[in-house]
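The chains referred to below are lettered A, B, ... by the order of the sequence lines, with proteins before strands, and numbering in each begins at 1.
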2 protein chains.
Amino acid sequence: MLPVMSNEAGWRCHGNLWSDLSQVCDLLNIPTPLNSTDEEALFQHVRFKAGQRIHTIGQNFEALYVVNSGFLKTVLIDEYGNEQVLSFPMKGDLLGIDGIHNQQHASEAVALSDCDIIILPYKAFANLGRSYVELEHAMFSVMSRELVREQLMIGMLSALSAEAKVARFLTTLGERFSQLGYSGKSFNLRMTRHEIGSYLGLTLETVSRTLSAFNEMGLISVDQREICLLDTTALKTLRRLPPAKTRNKVSEKVSVMVGKKLLPQWGSETAVAV
Amino acid sequence: MLPVMSNEAGWRCHGNLWSDLSQVCDLLNIPTPLNSTDEEALFQHVRFKAGQRIHTIGQNFEALYVVNSGFLKTVLIDEYGNEQVLSFPMKGDLLGIDGIHNQQHASEAVALSDCDIIILPYKAFANLGRSYVELEHAMFSVMSRELVREQLMIGMLSALSAEAKVARFLTTLGERFSQLGYSGKSFNLRMTRHEIGSYLGLTLETVSRTLSAFNEMGLISVDQREICLLDTTALKTLRRLPPAKTRNKVSEKVSVMVGKKLLPQWGSETAVAV
DNA sequence: CGTCCTATTGACAATCCTCAAGGTGCGTGG
DNA sequence: CCACGCACCTTGAGGATTGTCAATAGGACG
C-alpha cells in the first residue's frame, strides 16, 4: 500500500523509490560525506509525466529537487502570459533554489519528458548540512555553480549573434550529454524550436533558419529534432556567419569569423598598489 | 602603525575599521542572529579607489565581500578581452559568491568610485553559520536572491526591446537608490554609456539615443550622467515600440510633424501627451 | 593647451523579427 | 484504413530595430 498525496502543482506521488544521501551527492556531482551511513536519511523519488509541473510560480517553497532522469525546462511567465525559458535541466541538476529566497518559487519547472525526481525537503536537508560540514559547503558550491552558469548565460545573451548562440547551445548540450554517458555528437532535442528561441532570445524562425544554415554548411546534420554535430570545433569558435551570398558550403575550412576590434580596456586602473 | 598586506588583485589593506556580525547582517538586509555579541567576531573594512579591483578572474577564492559604500561593476572578460558587465553592486550587496564553486573567482569586481568594502573570510563565516542556524539560512537566502535577480536579468535580455531595457534599467536603479535613502528620482549614473550598453546587451550609441529619446518625450531629463526620472510609471510599463503599421497610422494625417518621433506608447497605460 | 575619454548625433547597413504560406508527423475518430 | 485536426517545422519576402562607422563636441587633467 503506497502513500499517495498531491501538492499545488498537481502531481501524484507514487513513493516507490528512495535514495540515500550518498546517492544524491553522487548525482549532484559533489563529494559524498565520509560517514555516510551514519544517519539513515532517505529521500523519496517522484515520477512526473511529460507536461507536468514540478513546482509553479508562487508556490510555497518546501523542498529542492534533483533530476534523476528525464528532461525539463524552467520558465518565467511575464505579465502577458508569455513563457521565458531559463534553463533545460537534466540528470544531476538541482531545481528549486530560487524558492529559498522569500520562501516561494520564482520560476516554474515543467517536465519535457517523463521524469524521475528526488525530493530534498529543505529543512531536513539543511539540518544534515549542519552535521556534515562538507555537505554544507557542497550546497554552497552547487548554488555558486548555478550562479556562474547564469552569468555565462547573460554574457552569451548580451554579446553573441544568433548563429553563435545556436552554435553554443548545441555544443554545450552535446557536452552535457557526453558527461552523462550519452553521445555528445548525436542526440535528440527534447524541446521545440520555440523553446530554444525563448531560451536564446531569438524567434523560432531564426532558430530554424540557423539550424538549416549549419546543415547546409556541413557543421551539423539536422532532421527535425535529431541532431548530429559534425564540426564541433567550428561550432564552438563561431562568432558570426558571412553574408549568405558569399557563404561557401563545406569547401571553406575557416568558418571562424573573428574580426572583432578589441574594445579599449578600461584603462590603466589596475590598482596595482605600490 | 597599521598592518599592510596585499593580495593578487593588488589592493592595499589599511585595516582601520571593523564591523561585527550584526552590522554585517544589517547591511545585507538579513535578520541579525539573536545572540549576536556571543562570539566577538569582527570583520575588516578595506578601502578601494575608483578603478581598483576587489577580485580578479581566476584569483583564489578566500572571502566574500560586502559593499559598505561606493559603486562597482562586476564583469566577465571574453576570449578577445572584451568586458561583459554583469551587475552594478552598491551598498548592501554581496560580492564574490561565484568564487565558491571551483575555489576561484569567475568574474571580476571593479570599483567605479571610491569604495568601502567589508571582508568576510569564507571559512570563518561559514563556521559562524554552523553555530547560528539563522545565519546559514540567511546565506542561502542571499544566494537565492542573487540567482533570482540573474534570472530576471536573463528574461529581460531575451525578451525586451532596447527602449524597455533602458527604461527598466533606470527605474530599478532609482528603486535601489531610494531603498538606500537617496533620491530615487534624481541621481547620478556612476557608469559610462558603454558599460550600460554592455550590461543591457546594447551598443553605447543605442543607449545614448534612447536616453535622448526619453528626454525629448519628457520621461526623463538627462545631462551627461545626471538623470532625473519624470514619469516612472510610463518608464516601468514601457515594453516595445509599436509595429510600423500602427505607428504610421496615427501620424499619417495631420500631426505628421509633431508626432513623428516615438510618441505612441506601447504597453504604457499612461498616455504621454505632448 | 593638448590629449584622452566620454557623449551625442547622423547616415547607412544588416541582423533579426514579423507576417505568411506551405509541409511534415502524429494522434484521434469516423 | 483514411481523413482530419493540430502542433511543430521550414522557407520566403519585406521591413524595422539596432549595430557600424564617422564626425563633432565637451570635460578632466597633466
- Query: Among all residues two or more places apart in sequence or in another chain, which pass the side chain to side chain contact (heavy atoms under 4.5 Å, CB included) test with A:Glu108?
  - Reply: A:Arg53, A:Thr56, A:Ile57, A:Val75, A:Ile77, A:Val110
- Residue pairs meeting salt bridge (Lys or Arg N to Asp or Glu O under 4.0 Å), one or both in residues 171-197 of chain A, sequence neighbours left out, come to A:Lys73-A:Glu195, A:Asp93-A:Arg176, A:Glu175-A:Lys236
- Message: Other residues, nucleotides and ligands only: do more than 12 of their heavy atoms fall within 6.0 Å of NZ on A:Lys165?
- Response: yes
- Message: Could you work out, with side chain to side chain donor-acceptor pair (under 3.5 Å) as the rule, every residue matching A:Asp78, not counting sequence neighbours?
- Response: A:Asn82
- Task: Could you tell me which residues satisfy side chain to side chain donor-acceptor pair (under 3.5 Å) with A:Glu79, sequence neighbours excluded, listed by chain and number?
- Result: B:Arg239
- Message: Rounded to whole Å, please give me the gap between CD in B:Glu226 and P in D:dG27.
- Response: 14 Å
- All side chain to side chain contact (heavy atoms under 4.5 Å, CB included) counterparts of B:Ala167, not counting sequence neighbours: B:Phe214, B:Leu235, B:Leu238
- Looking at residues 107-115 of chain A, who's got a heavy atom less than 4.0 Å off DNA chain C? none
- Note on the structure: Between its two end axes (five pairs each) the helix from C:dC1-D:dG30 to C:dG30-D:dC1 turns, nearest 10 degrees, through 30°
- Message: Holding to side chain to side chain contact (heavy atoms under 4.5 Å, CB included), I want the full list of residues that pass it with B:Thr206, two or more places apart in sequence or in another chain.
- Response: B:Ala162, B:Leu202, B:Thr203, B:Thr210
- Note on the structure: Residues passing the side chain to side chain contact (heavy atoms under 4.5 Å, CB included) test with B:Ser69, sequence neighbours excluded, are B:Asp116
Contact list (N/O, under 3.5 angstrom) for nucleotides 7-14 of chain D vs protein:
unit_1	atom_1	unit_2	atom_2	d
D:dC9	OP1	A:Arg225	NE	3.0
D:dC9	OP2	A:Arg193	N	2.8
D:dT10	OP1	A:Arg193	NH2	3.1
D:dT10	OP2	A:Arg193	NE	2.8
D:dT10	OP2	A:Arg193	NH2	3.3
D:dT10	OP2	A:Ser208	OG	2.7
D:dT10	O5'	A:Ser208	OG	3.2
D:dT11	OP2	A:Ser212	OG	2.6
D:dG12	N7	A:Arg209	NH1	2.6
D:dG12	O6	A:Arg209	NH2	3.2

- Pairs involving residues 149-161 of chain A, ordered by first then second residue, that meet salt bridge (Lys or Arg N to Asp or Glu O under 4.0 Å) (sequence neighbours left out): A:Glu146-A:Arg149
- Query: Got a sec, which residues hit side chain to side chain donor-acceptor pair (under 3.5 Å) with B:Ser87, two or more places apart in sequence or on another chain?
  - Reply: B:Thr74
